[in-house]
Each structure stands twice: as structure tokens, then as C-alpha cells.
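Not measured: the values here are computed from a predicted model. Each chain gets a letter, A, B and so on, in the order its sequence line appears, and its residues count up from 1.
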Amino acid sequence: MVKEYNPGDIESSWQNKWDADGLYQADADDGKKKFYALTMLPYPSGDLHIGHWYAMAPSDARARFKRMQGYNVMFPMGFDAFGLPAENAAIQRGVHPMKWTYHNIDRMRTQLRSMGTMIDWRREAVSADPEYYHWTQWFFTQLYKNDLAYRKQSPVDWCPQCNTTLAREQVHGDDRHCERCGTQVIKKDLEQWFFKTTNYADELLDFSQIDWPDRVKTLQTNWVGRSEGADVNFSTEDGEKLTVFTTRPDTLWGATFMVLAPEHPLVEKITNQEQKKAVVAYQKKAEQKTEIQRATVEKEKSGVFTGGYAINPVNKNRIPIWIADYVMMGYGYGAIMAVPAHDERDFEFARQYGLEIIPVIQPEGQKFDGGTMPESYLGPGLMINSAQFDGTEVSEGKGRKNPGIGKVIDWLEKEKIGQEAISYKLRDWLISRQRYWGTPIPMIFCEGCGWNPVPDQDLPVLLPEEVEWLPTGESPLKLHPTWKDAICPNCGEKATRETDTMDTFMCSSWYHLRYLSPKYKEGPFDQNEYNYWMPVDIYTGGIEHATMHLVYTRFFHKALRDIGITEAGEPMLQLRNQGMVLGEDGEKMSKSRGNVVSPDDLVAAYGADTVRAYLMFFARWDLGGPWNSQGITGTERWLKRTWAMYAQSSGPGSASDELIRDVQREVHTALDRIGSDYERFEFNTIISTLMELLNVLIDAQGRGASGSKVWPEIMETYLLMMAPAVPHIAEELWTNLLGKPYSIHNQSWPKADPDMMKKDQITLIVQVNGKLRDRIVVPVDINKKDAEKIALASEGAKPYLEGKKVRKVIVVPGRLVNIVI
RNA sequence: GCCGAAGUGGCGGAACAGGCAGACGCGCGCGACUCAAACUCGCGUUCCCUUGGGAUUGUGGGUUCGACUCCCACCUUCGGCACCA
């Protein structure tokens, strides 16, 4: 036993012992309640970041708390190992992506161990291992066989110089140039694989089975973006069908023009000779913008008249067709009917280009004039200028829930002009990536038979290691001399492999299932493990994944359920998000800003326990905030003082029963509070409660409490309370100093005793007109009348009551007496 | 522009159900220990005038005996989404 607290002496040796003893190995056991605690797996970028610690250390503490509560807790870890940075490293530094990735994983594994987490490393899964992506591929074929995967043309950002697809982050600047060669990026249509996420749009809006934060539910709801309305069949003057979706079929009579997305297929047909040049120029300009840019640029609308006209089916009006980039090809039909009188954007567009504005909804008592309206009108009212519908009331409701809109939809359906429809912002999930470092898509194309999935017995389709990185930037899979040669599983003729790989969100959609049985060979997971462990009880991770990853994994589970592979439709019952740790300057941490905080340095200087505790303490976990390197001395001192207290804990002394009773009350109150704080993810107050209690204990120790019979029990309880947050020091003091049976991490969380928490006397505050004037100490069970009497007579209150009439006295039992004069 | 979150001492934050604002910690000040410094320990630390009081939780209103907490309007910061028909 050393005299001073020196984390370097104890932390790694305990880590090694826990590991050797398999202390945190969690095995399915029907006799025990299970708890699956999952935290988002990191991408092996090279170094563990303080942000990783911020995500994982409090999650680990909470998992440990659950374990002490008697749950059989599984806390696994893995690596999301495919992805672009590995390929960049390959191109820039000539390292093979596999080598780079696995080297980083080794390093991060070591770093993760230095945190002293209760990770069960037997369950580790790495998405780039063939035994992992074997099943990623199998899932793909399952989705394909169940009609949830299909191919269609879709544009990608393409660098004509490098001859390669670019990810969004590889396109730089407002002029959108290639990060490698500076060439301006173009859009190119490629045949790509998609998953039908839209099949599950409505189900994804149902959160009734899960306890997720409201802000995430709101983000996902907006992401799915359901709107109710109608499809309406317009036609061009030449009789071409032109369908649009509208949420406001009640305003059809006010449609004075139409707008198509610049890339709409009909544009070429309807554009006349006169407008051709302008239209083509506009299309070119739009092509070079991202959707975000098209949306952002300026409030001012831009567009070009095509020269073509459409016929409004409700009144046979002839209306001009324009193109404008505020209409997106990816939503609805890529075409809108424009009703400037009742839509903000259409209004601005109409004013700018001098197009007609016809009001068709008018609130009673007002009179709109299309020529002078200052802005569009979006509220309720009566229909006007709308033939037989004039006078129909339109309220604020959406779709058929709005009777006015419902009447119009009924009529459209009867006249076969249109029908009720629901439109979603959600798009199908584009899976294909024109990359090397990813899971190969297990599909084979045969001239005669078309596309066929690779048969189960031929999986996995291995990623070839011997590849060349040619400066063209094209995927090495495409350039590989033999890899793409295959035999058609259907007819046995020569065929060609798909050379695209999968989006890495596919790997992370099911990793929690692979953790169940990472070595399992008969399927993606062992059914027995699934039955015991699933679903995930708590999922923790960054809010930035609120839409993409967390939508995909929900979709994935619903699809697997319908295919019959899994049972539950929701993979994660509870979700909680941590905030972001910013640099000390308040900016996002980044290497280029030079404000990155390295956890390794902190561990070397202070020890893992201090860093863990500080990460729990320094900010509200869900909010995060700027790092403060000074504050960490606070948690360091806390652990040093704790150590010192235990080092001199035994010894003679005598203390009053009252003091002991007070200490016990504080201990049980803290137990109660810390327990509920863990449940609520309020980690900062867990540490401050422990600090407060330490102050009480040290004070009591100085007053002779350590001679008391109950002191040893108090000392043990305090260590148990510390154990989840600071596992090393708690173990050291428990096992080596107190000589209690190893390990503290196999002990139960002590129960807070309500009797121990009770007080005999309480302090009531005395207010006069709501202002604090005195405090009175009274028995805890005092009745209202007595409390009132004592308060009225109290020294502090008296001077304010003299010569005044007491109008009312409010007594809140256990809290206060307020005298109103 | 829309959606969401948040504004409390010099700083991070606490106040769980409308009831003592500022717990806990950092920093700072004073003192003890020391030849000295560091460490450690003790005391103090929202602001303003000083027997004592007054003000104070982004701003302005409101509800209430009583508001950091509830309601209305506004301001600021951060995050997300982006002309969604």
C-alpha cells in the first residue's frame, strides 16, 4: 500500500487484472435480468479524441451502475472500419487502406482500455472484417430478394479530370471544384442501388414504442416530411401529361403558371426555339449548384420561361410553364402548379416576372386584389373565383381533415382530374458508392439473365487486397484485371460483378446485432443471443446522427422484421445524446485550429479516474461545452482527498450519536440522489454530490467519527458510490486498503434507507410579503398552527409586523411561513 | 426563413413538484505550514451603499401570498434543416 494517491501505480494493473479475470464478460443467463448498453461505435480515424471519451466514459459509468443494480450488463465496442479517410490515406501516403485502418484500430483499442471501461472485448466487431461484411452482404441479398432493393439512375458529383465520383466533402468552394485537382465538378447520372426506405415512411413516424428525446423525434419527423394533399393531372398544350402534387388543391383555380425543376424530362419537349438558349443556359447553371446552394443563395427567385403552356384541368385556362431551381427534381414530381396568391415563393416569383395573381381564398369581410396584394395569403377563408366551389369554407386543417379541401378532392376524383395523395420528403436510400474501401455489393450482372444476387454459399464476396491505386482516381475494383469476372448464378455463363461498394451506414445499421455473437458462422447472429439480449436498452451517442444513422437503423430493423429475420421493429428502446466538447477557445476542435485536447496527455498527467470524473462533472452531458483545462484540478483534488481520508481512516476517536446520525443521513440522501441522477443521465451532479459528501465525511472524521462502530460501513458505502464513476481508485481502496473481497465491481448498489434520510428538526424560513426575514428551527412534524404562531413571534419578522395588519399567513409544511401584511 | 436547445457571480454549473438563488468545483483574496516557493490545510468570495438594508437568474410585461421555474412579447448565442409545392 503506497502512501500517496498515484493513479499511474494502480490503473493499468487493475485494468489488466479485470481483463484477465474476465470480470466484465457478459453471457446470456436466463436467471438474470439483462441490460444491453450500447454506445455508438467510433470510426478508426487514428486517435481517440476527447469527444470519444465524453461519449463513452459517462455511458460506461452508467452501465456499471446498472450492473451494480443487479442487471446482467453487456457493454460492447467495435469499429466502423470502412470509409473514405482510409482511401484518402492510401492515395496521399501510399498506405493500403486495410493496413491504415487496422493499425488505427490497434491504437484506439489500447486507448479505449486506458479509460478503464467495462467493455466486453470478446464481443468486438469490426465492420471491415470479412466475417462481418459477409453478413452485411447477406442482408443486402435478403433485401433484394424481398423487393426492397432496386436500381435506378441517379446523379452523382463527378470529377471529369480524375474520372471519379466525389463525396460531398470532397467538393470544395462555392464554385464546387474537386479537392484533388481543382477541376469544376459536374453531375453525372449513374445506375445505382437503392433501398426502399420510403416503404416505411409512415411507420418511421411512429415513436410510440421508444423513449427517445423529443428533439430527435422532431428531427426525424421533419426528415420523413409527410404532407397530405392531392395529385392533379395537368397537361401541356400538346397533350403531354404533367402531374403535380399539391397540398392545396382548393387553390387550383388560382394556378396562373407552372414551374418545372430545370432537370425535368419534359423541359426539352416543351421549350420553343425562341427560349431554347436561355433555358439551356439556366439548366447548366442549376446543374453546378448543390441542392443546398440552390436553396440558399439569395431570397430572390430566378427562373426562365420555356415558351410552353399547360392547361389547367379545372378551368381549362392556358398557363405558361417556367423552369426554376427552387423546384427540386427529388421531391414530388419535380413540378408544381404555382398559386401566387396563396404561396409565398410563388408570390415572389410572380411579382418578379410580372405573372398574373388571382386570389381564390378570401377571409370574410376582406377583398383581395391580385394586382395590389402586398403578400400571399395563407390563412383560412371562403373560396372565390372557383366556379361551383365559390363560397366553400376552407379552414386551417391539412388534407381531408379540412372539409373544404376534402370537397375539392372528392370532386377531382369524380372528374378523374386527380386523387388524394400523400407525399414525403424522405427519399429511398442510395446504397452504391464508387469506392474501393467498402463492403462489395454482392450482385452479378449477366447479359442474358440480368441482375442476380451472389448465392449464400458464395458469400462473402471478398475485397481483393492486391489492388492498384492509379492516379486516375477510379475505383481499383473497376481496374482490377480479374476481380469483376464472375459466373452467372442463374445460367452459368460468363457474367460481371458489381464493382460498387456499399454506403458505410449499411454496416452501422446492424452492428448491434453482430455484437451478440461476433464469431457466429451460421448467420449474422446467434438466435439464442438475440432472444436474450435484444432489444438494446440504452443507446448513447452524438446528436449529429439524429437523422441519417438513426433513421437507417430503424428502417433496417423494420425491413428485417418483415423479412422474418428479427422480431422487433425498433432496435433501441431508449436513446440519449451527449453534447459536443468544444476547444478551450469555444470553437469546434480541429487539428487545423490547434485546439485539440488529447485524452492520452490528460491520462498521463492526472490518471483515467480523474479524467472520467471531470468529463462527468464539467458540463451538462447533453449540452457539452468548451473544455476548461484548469477545472480538472478540482476532480484531481477530490480523489487525492478521498485517498488521504482512507489512508488515515482507522484510528481512535469518539463522536456524539448526533454527529453519526447526521453523517448517516447525508450518506443515504446522497445514495438516493446519485441513483436517480444515473437514471436521468445527470452526471455532473453525481460528482458534485460525491464531493459534498466527502466534505461531510472529512469533517466528521476530524471530529472523531472514525472511532464509531458504524464508520467502517460508511467508508465501504462511499466507495461503492464512487465505483461506477472512478473504478480504479474505488477498487484499490476497497480491495487493498479496506481488505474487502475483490472485486468492488461485483458488489451491489447500496439501498438508500428512507428512515435514515429522515430528519427530526427542520428549518422553516419566515417571509413577510415574500421576503426572507428569519429562519426558525422546528420539529419536523410541527402542525400549521404552531408554525404560524412561532413565525409571527420570530425576532426577524417582528419589526416588519409592528403596526401592520396581518392579512393572511401561508404555511407550506416543511418549507416556509409567508406572512402577508 | 423554419425547427430545436440555451441565456443564472470573474468562469463551468446547482436549485428534481412554484417555496432560503448561487450547492459543488475552478479562479481569486487573506491566513497557517515553509528560509522561500509549490503542495496541503483553514477562512472569505453575486453586486451596491455600510449599525442595517437594497438590488439581482438576457429584456419588458403578466399570473401568484410567493417566479430561475408558469404565460405573453422581444433580444442574444449555439445547433440542425434548408425555397418541400
Separation of the [atom1] atoms in [N] and [M], to the nearest angstrom:
N: C3(B); M: G53(B); atom1: P; answer: 49 Å
N: G25(B); M: U45(B); atom1: C1'; answer: 14 Å
N: C16(B); M: U64(B); atom1: P; answer: 24 Å
N: A14(B); M: A21(B); atom1: C1'; answer: 10 Å
N: G27(B); M: G18(B); atom1: P; answer: 35 Å
N: U8(B); M: G22(B); atom1: C1'; answer: 8 Å

Counting the atoms with a prime plus P, OP1 and OP2 as sugar-phosphate, which does [X] contact under 4.0 Å by heavy atoms, base, sugar-phosphate, or nothing?
X: Ser423(A); answer: nothing
X: Phe618(A); answer: sugar-phosphate
X: Lys425(A); answer: base

Going by side chain to side chain contact (heavy atoms under 4.5 Å, CB included), name the residues that satisfy it together with [X], two or more places apart in sequence or in a different chain.
X: Gln283(A); result: Pro262(A), Val267(A), Val279(A), Val280(A), Ile323(A)
X: Ser386(A); result: Trp253(A), Val360(A), Met383(A), Phe389(A), Asp390(A)
X: Ser676(A); result: Arg680(A)
X: Ser688(A); result: Phe617(A), Thr685(A)

Item to check | Syn or anti conformation of G9(B), syn meaning chi within 90° of 0 | outcome: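 Here the answer is syn: the torsion falls within 90° of 0.
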Checklist entry - Arg345(A) side chain N/O closer than 4.0 Å to the phosphate oxygens (OP1, OP2) of A82(B)? => result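 Checking Arg345(A) against A82(B): no side-chain N or O falls below 4.0 Å of OP1 or OP2.
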Item to check | Test log, rule side chain to side chain donor-acceptor pair (under 3.5 Å), inputs Thr547(A) and Gln220(A) | outcome: CA-CA 6 Å; Thr547(A) 45; Gln220(A) 292 206 352; over 6 Å; no
Checklist entry - What string of B, S and - do you get for nucleotides 17-25 of chain B, 5' to 3', if B is base contact, S is sugar-phosphate-only contact and - is no contact with any protein heavy atom under 4.0 Å? => result --BB--BBS
Checklist outcome for this item: Protein heavy-atom contacts under 4.0 Å, written 5' to 3' over nucleotides 2-8 of chain B as B (base), S (sugar-phosphate only) or - (none), form the string -SSS---
Item to check | Residues in side chain to side chain donor-acceptor pair (under 3.5 Å) contact with Tyr678(A), at least two apart in sequence or another chain | outcome: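 With neighbours one apart ignored, the set is empty.
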Please list, for nucleotides 47-58 of chain B, all pairs of protein and nucleotide N/O atoms separated by less than 3.5 Å.
unit_1	atom_1	unit_2	atom_2	d
G53(B)	OP1	Tyr800(A)	OH	3.4

Next on the checklist: My understanding is that only residues two or more places apart in sequence, or in another chain, count here; which of them pass ring-ring contact (aromatic ring centres under 6.0 Å, His included) with Trp627(A)?
Outcome noted: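 Result, ring-ring contact (aromatic ring centres under 6.0 Å, His included) vs Trp627(A): Tyr614(A), Phe618(A).
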Next on the checklist: If a pair means Watson-Crick or G-U wobble with both distances below 3.5 Å, what does RNA chain B look like in dot-bracket form, with | marking bases paired to a different strand?
Outcome noted: (((((((..(((......[....)))((((((.......))))))((((..))))..(((((..]....))))))))))))....
Checklist entry - Trp621(A) ring centre to Arg62(A) NZ or CZ under 6.0 Å, with the angle to the axis within 45°? => result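 Relative to the ring axis of Trp621(A), which defines the angle, Arg62(A) lies outside at least one limit.
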Item to check | salt bridge (Lys or Arg N to Asp or Glu O under 4.0 Å): pairs with one or both residues in residues 616-630 of chain A, sequence neighbours excluded | outcome: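 Salt bridge (Lys or Arg N to Asp or Glu O under 4.0 Å) check on residues 616-630 of chain A returns Arg620(A)-Asp622(A).
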Next on the checklist: Once salt bridge (Lys or Arg N to Asp or Glu O under 4.0 Å) is applied, do any residues pair with Asp699(A), and if so which ones, sequence neighbours excluded?
Outcome noted: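 Applying salt bridge (Lys or Arg N to Asp or Glu O under 4.0 Å) to Asp699(A) gives Arg703(A).
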Checklist entry - Checking Ser235(A) side chain against Ile311(A) main chain: does a donor-acceptor pair fall under 3.5 Å? => result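 Pair absent, no side-chain N/O of Ser235(A) close to backbone of Ile311(A).
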Checklist entry - Are Thr247(A) and Glu228(A) linked by a side-chain donor-acceptor pair shorter than 3.5 Å? => result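 No donor-acceptor contact under 3.5 Å links the two side chains.
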